[in-house]
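What follows is a set of notes on a single structure, which appears directly below.
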Amino acid sequence: MIPSDYVAVVLLILGGIFFFSGTVGLLRFPDVYTRLHALTKADNVGLGLIVLGLVVQAESWFVVGKLLLIWLLVLFAGASASHLIAKRALHRGIRMWK
Amino acid sequence: MQMFYFSLAFFLLLNLCVGMWRVLRGPTVADRMLAAQLFGTTVVAILLLLAQTSDNPALRDVALVFALLAAVTAVAFVRRIWPEKRGFERDPE
């Protein structure tokens, strides 16, 4: 187990924890808006940490570039999609829970 | 090391199944769409992990395409399934 494995294991575990928190948030939060908030956490940070964990293990720079590209795409897609859904939910009159 | 990757991928899969509960119970259509968003991201993470363990670079392209499709489904949902209602009348939920 070379040191880069340890770093990767720690990053991957943290990523898994954020994914778990995103799912718990999706289940526990009272309304659409707060669930969106929890969901994008799982997207951005959870996937980001997993990608970082994999980047540490990656062999070539090409793989590193592709992994970061995937993460950036999910970042932008998740952010814009949640914005769209929240705006439309607001227009359709879904009330916030408080 | 490989066992760790598989266990993490399995944990993410369990995460996915727990997320299914929101699909069943979600009061509004948007909640079910959120679960689909969570699926998209979780499957991308699982694919990347499997690509790393099985040394199969093609899986990374699959993850990329999946991320694209997840984005498109969200936009399609908002534009098609959930059109803008005239005026601001309140929904029951």
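Because the structure is predicted, anything quoted here is derived from the model rather than measured. Sequence lines set the chain letters: A, B, ... in the order given, protein chains first and strands last, and positions in each chain run from 1.
With a 4.5 angstrom heavy-atom cutoff, A:I85 touches chain B via backbone and side-chain atoms both. Contacts of B:F66 with chain A are absent, with no heavy-atom separation under 4.5 Å from either backbone or side chain. For B:L16, no part lies near chain A; criterion is any non-hydrogen pair under 4.5 Å. Only the side chain of A:L39 comes within contact range of chain B, with at least one heavy atom under 4.5 Å from a heavy atom of that chain. Proximity to chain A (any heavy atom under 4.5 Å) is shown, for B:L68, by both the backbone and the side chain. With a 4.5 angstrom heavy-atom cutoff, A:V9 touches chain B via backbone and side-chain atoms both. The parts of B:L38 that come within reach of chain A are both its backbone and its side chain, each placing non-hydrogen atoms under 4.5 angstrom from that chain. Contact annotation for A:L73: only side-chain heavy atoms (C-beta onward) come within less than 4.5 Å of a heavy atom of chain B. Contact annotation for B:L8: only side-chain heavy atoms (C-beta onward) come within less than 4.5 Å of a heavy atom of chain A.
Between A:R88 and A:H83, every side-chain heavy-atom pair lies at or beyond the 4.5 Å cut-off.
Judged by distance alone, the side chain of B:R22 and the main-chain N or O of B:R32 form no donor-acceptor pair under 3.5 Å.
Between chain A and the options B:T73, B:L49, B:V72, the largest number of non-hydrogen pairs under 4.5 Å is found for B:L49. For the options A:L26, A:V63, A:L84, A:V51, heavy-atom pairs under 4.5 Å to chain B are most numerous at A:L26. Most heavy-atom pairs under 4.5 Å with chain B, from the set A:V32, A:V74, A:D5, A:L27: that is A:L27.
Salt-bridge annotation for B:D61 and A:K66: present, with a side-chain N of the basic residue lying under 4.0 Å from a carboxylate O of the acidic one.
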- request: Please lay out, stage by stage, how A:T23 and B:N15 fare under the test side chain to side chain donor-acceptor pair (under 3.5 Å).
  value: CA-CA 7 Å; A:T23 307; B:N15 235 328; 2.6 Å; yes
message: Does B:L47 form a side chain to side chain contact (heavy atoms under 4.5 Å, CB included) with B:R60? I'd like the steps, not just the answer.
response: CA-CA 7 Å; B:L47 279 173; B:R60 292 195 183 91; over 6 Å; no
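Closest heavy-atom contact between B:A45 and A:I50: CB-CD1, 4.0 Å.
Rounded to the nearest 0.5 Å, atoms CG (B:L12) and CZ (A:F19) are 6.0 Å apart. To the nearest 0.5 Å, atoms CG (A:L47) and CG (A:L75) are separated by 8.0 Å.
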